[in-house]
Participant: 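The structure's right below; bear with me while I get my questions together.
Only a predicted model underlies this, so the values are computations on that prediction, with no experimental measurement involved. Note that these values count all heavy atoms, side chains included, but never hydrogens, waters or copies made by symmetry. Letters go in sequence order (proteins before strands), and every chain restarts at 1.
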Amino acid sequence: MDFIVAATLKAIKHLYNTDITAGDINLQETRKEFDGQVTLVTFPFTRFSKKSPEQTGNEVGAYLQNELSEVAGFNVIKGFLNICFADDYWLTQLYSEILPDDFAVFKPNGQKVMVEYSSPNTNKPLHLGHVRNNLLGFSVAEILAAAGYEVIKTNLVNDRGIHICKSMLAWQKWGDGETPELSGMKGDHLAGKYYVLFDKEYKLQIEALKAAGQTEDEAKKNAPLIKEAQQMLQQWEAGDAEVKKLWQTMNTWVYTGFAETYKKLGVSFDKFYYESDTYILGKDIIEEGLEKDIFFRKEDNSVWIDLTADGLDEKLVLRSDGTSVYMTQDLGTAQLKYNDFHMDKSLYVVGNEQDYHFKVLFLILKKLGKTWAQGLFHLSYGMVDLPSGKMKSREGTVVDADDLMAEMEQTAKEQALAKGKIDAFSEDEKLHLYHIIGMGALKYFLLKVDPKKRLLFDPNESVELEGHTGPFIQYTHARIKSVLKKAGALEKSKATGYQKLAGEERDLIVALTRFPEIIKLAAEAYSPALIANYIYELAKNYNKFYHENPILQAEDESSKHFKLLLSFAAGKVISKGMKLLGIEVPERM
RNA sequence: GGUCCCAUAGCUCAGCUGGAUAGAGCAACAGAUUUCUAAUCUGUAGGUCAUAGGUUCGAAUCCUAUUGGGAUCACCA
């Protein structure tokens, strides 16, 4: 639509002898109830036209129609100039923009972006909160790649620490040699089982100590189990062979489990970082900060930064015993990542509970003069809550990722069987269909909402498969494929006689032309929700067109071939758009 | 208490840098299948955009305050 902007600038210059910039021009989609496809808001022009909004609109409209062959007509309602483009213009858009293979393919922009997401703890299986994180991270990476970035997907695995020791200790005490092989339990679930068990026994000990007269805080510190876990962590850090061996064994179980979950989720990573490697990093940066007088040392030898001038607090960056805290590690890891890849941008897909941490992290790096810190961004998303409140792994009140995916597939299966349309499918095709529909419903459900909003998930209400959902869009795609299959080969030459568009056809082409712009917006906003909502609108447009316009029984050959090409284009954009969300689309369902 | 985020139909959500009578889906009700997939389509009903001020020709959108919800302010990660 750039040419309309350019022509409007000329019109304003010609009619009112005023120079304005493109930013002063307010173009929007024409609302359905009015004639036209693009609307120019004329209120801002009245300042220098010295005429009513209506009159200004009429003058600009007449000028545009006169100057541009693409403009077939216009109407003015109040301060809104609705511009109608010639059908010929939309046909050209379809044939020379949308249908070619390079539609919505962005050239490489020469920029490199890292997306860190998932970042699980290796003491328990993934839950619904992780699912949101994974889908968001993967989708944003896809969108950025589509927008021309070189993308590196990373996973910073939190594989050490007291929480891991809790699982290890519980297994050692009560596991009786249980393994994934012996129990048939997925490795991550097995580790999680002992994490929960630890917490249960720990709580019993706390209660016992409280009954013996200790305060809550004392009891928490003095419980034998927590002391043992802490001791184990020290042994781990000291490199104790037996502890390391157990750690490695259990982590391997967990990784095998995660790999399976990631595969089902359809997410992947280019590079793994392990906290067991990175937790000692960052001390160089502390030295650097001390030299630059950005950090200061307190009497007890701990190192701090004073951020009160920036409206934040004093923050500890190194413990008095010289060991790292979370911030120390993250400073070091940020530097490590940059050294490894020299990326222009780096996204951290992490929940909004860590907003403050990242604010501080980025600020410190900027204060240290790291120019690359300008490219750091915390992609913060809202928590997933249950009606009963927050999910807590150690209390077992979580919606497990594997269970949830299995339930979604089951729901998809029941629905598909009830519809009775897949009897002719092979068993493999059926299973694949249940998977992509179940996952499509789940992914769409989680991605269609603005990432920063918190999400309420009711496990008792199954995720919808009708209406504004993934399966609705998948269904639209399957329907398009079905028509195309029945029609045989697409022949563009046979469609050229078709010149006059039906309203639904024009609306559909208009919607299709917006795809590249939507990708760009989604990449700038890091928001899969924009893609999700766009594809939904597009699918609705198609379904309307489909209902009102017979395709295979069209009035003549050119009409039929045009409608087939239009269907093909819609199918292509739906499929590409869904791929950006990490959602597969079926050929039939 | 300080800081940050959120508040739109009964429910779940759109609403881009301010623009026309605030839009979808679900749930409710009424319709559409001799015809390309009814996981679809059409219609009815449902709103003081949390509240109060302010800026503007124009505010759900921007500013301020208030209310409600959430997060965070650890020598945990």
Side-chain angles (χ1 to χ4, degrees), chain A residues 23 26 28-34 39 41-44 46-47 53 77-80 82 119 121 158 160-163 275 279 298 300 302-304 311-321 323-327 329-330 351-357 359-360 380 382-383 385 390 412 415-416 418-419 421 437 441 445 448-450 452-456 458 461 464-476 478-487 517-518 521 524-525 529-530 532-533 536-537 539-540 543-544 546-554 560 563-564 567 588-589:
Chain A
N26 187 343
Q28 53 190 265
E29 263 184 284
T30 303
R31 301 175 62 137
K32 291 202 275 286
E33 58 267 40
F34 302 104
T39 295
V41 183
T42 63
F43 289 105
T46 55
R47 213 161 13 97
I77 295 162
K78 295 194 227 171
F80 301 91
N82 302 319
S119 306
N121 292 343
N158 189 341
R160 50 139 250 132
I162 190 76
H163 47 289
E275 209 189 292
Y279 82 105
K298 286 194 177 173
D300 65 359
S302 56
V303 181
W304 297 73
L312 304 170
D313 306 302
E314 277 191 3
K315 187 83 189 171
L316 176 86
V317 292
L318 194 71
R319 290 196 189 99
S320 50
D321 63 6
T323 58
S324 300
V325 288
Y326 184 33
M327 188 59 74
Q329 287 174 41
D330 261 9
N352 63 9
E353 57 200 351
Q354 295 196 31
D355 284 356
Y356 184 75
H357 171 75
K359 208 173 183 177
V360 172
S380 163
M383 296 289 99
D385 292 325
K390 241 187 130 158
Q415 286 292 312
K419 310 242 181 235
K421 289 193 278 193
I437 292 180
F445 174 79
K448 76 172 177 184
V449 301
D450 186 335
K452 66 171 180 280
K453 292 199 175 174
R454 65 189 269 260
L455 209 64
L456 194 70
D458 189 344
E461 281 177 32
E464 294 281 342
L465 303 181
E466 289 172 13
H468 189 180
T469 67
F472 169 92
I473 298 166
Q474 291 172 319
Y475 176 74
T476 307
R479 187 183 234 185
I480 290 170
K481 285 292 169 173
S482 172
V483 178
L484 291 175
K485 200 174 166 194
K486 289 205 164 96
E517 180 66 16
I518 298 291
L521 288 172
E524 281 165 5
L530 295 180
N533 286 302
Y536 172 64
E537 289 299 324
K540 265 208 307 190
N543 283 327
K544 190 161 187 166
Y546 178 91
H547 250 266
E548 315 263 323
N549 300 277
I551 300 169
L552 299 173
Q553 262 72 48
K560 175 177 138 184
K563 288 173 168 62
L564 286 169
S567 298
R588 50 180 189 160
M589 66 188 269

Participant: Take atom NZ of A/K540 and atom C1' of B/A39, then tell me their distance rounded to the nearest Å.
Facilitator: 16 Å
Participant: Roughly, in whole Å, what's the span from NE2 in A/H468 to P in B/G15?
Facilitator: 11 Å
Participant: Measure the shortest side-chain to side-chain distance between A/Y475 and A/E466 over non-hydrogen atoms and say whether it is less than 4.5 angstrom.
Facilitator: no
Participant: Nearest to the side chain of A/L456 - B/U37, B/G19, B/U12?
Facilitator: B/U12
Participant: What protein N or O atoms touch nucleotides 70-73 of chain B N or O atoms at under 3.5 angstrom, if any, and at what distances?
Facilitator:
| unit_1 | atom_1 | unit_2 | atom_2 | d |
| --- | --- | --- | --- | --- |
| B/C73 | O2' | A/D313 | OD2 | 2.9 |

Participant: For A/D385, which residues count as a salt bridge (Lys or Arg N to Asp or Glu O under 4.0 Å) partner, sequence neighbours excluded?
Facilitator: A/R454
Participant: Produce the list of close N/O pairs, under 3.5 Å, pairing protein atoms with atoms of nucleotides 7-11 of chain B; give distances to one decimal.
Facilitator:
| unit_1 | atom_1 | unit_2 | atom_2 | d |
| --- | --- | --- | --- | --- |
| B/A7 | OP1 | A/K453 | NZ | 3.3 |

Participant: Considering only side-chain heavy atoms of A/D450, which listed nucleotide, B/A14, B/G23, B/A39, is closest?
Facilitator: B/A14
Participant: Can you name the salt bridge (Lys or Arg N to Asp or Glu O under 4.0 Å) partners of A/E524, sequence neighbours left out?
Facilitator: none
Participant: For A/F43, which residues count as a side-chain contact (heavy atoms from CB on, under 4.5 Å) partner, sequence neighbours excluded?
Facilitator: A/V41, A/P53, A/F80
Participant: Between B/U3, B/A20, B/G19, which nucleotide gets closest to the side-chain atoms of A/I77?
Facilitator: B/A20
Participant: Just to be sure I follow the notation: if a pair is Watson-Crick (purine N1 to pyrimidine N3 plus N6-O4 or O6-N4) or a G-U wobble (N1-O2 and O6-N3), each under 3.5 Å, what dot-bracket string does RNA chain B give, with | for pairs to another strand?
Facilitator: (((((((..((((.....[...)))).(((((.......))))).....(((((..]....))))))))))))....
Participant: Between the base of B/A20 and the side chain of A/T39, is there a donor and acceptor pair under 3.5 angstrom?
Facilitator: yes
Participant: Using the closest heavy atom to pick a nucleotide of RNA chain B for each, name whichever of A/S324 or A/N549 lands nearer the 5' end.
Facilitator: A/N549
Participant: If each of A/V483 and A/W304 is mapped to the nucleotide of RNA chain B with the nearest heavy atom, which maps nearer the 5' terminus, i.e. the 5' end?
Facilitator: A/V483
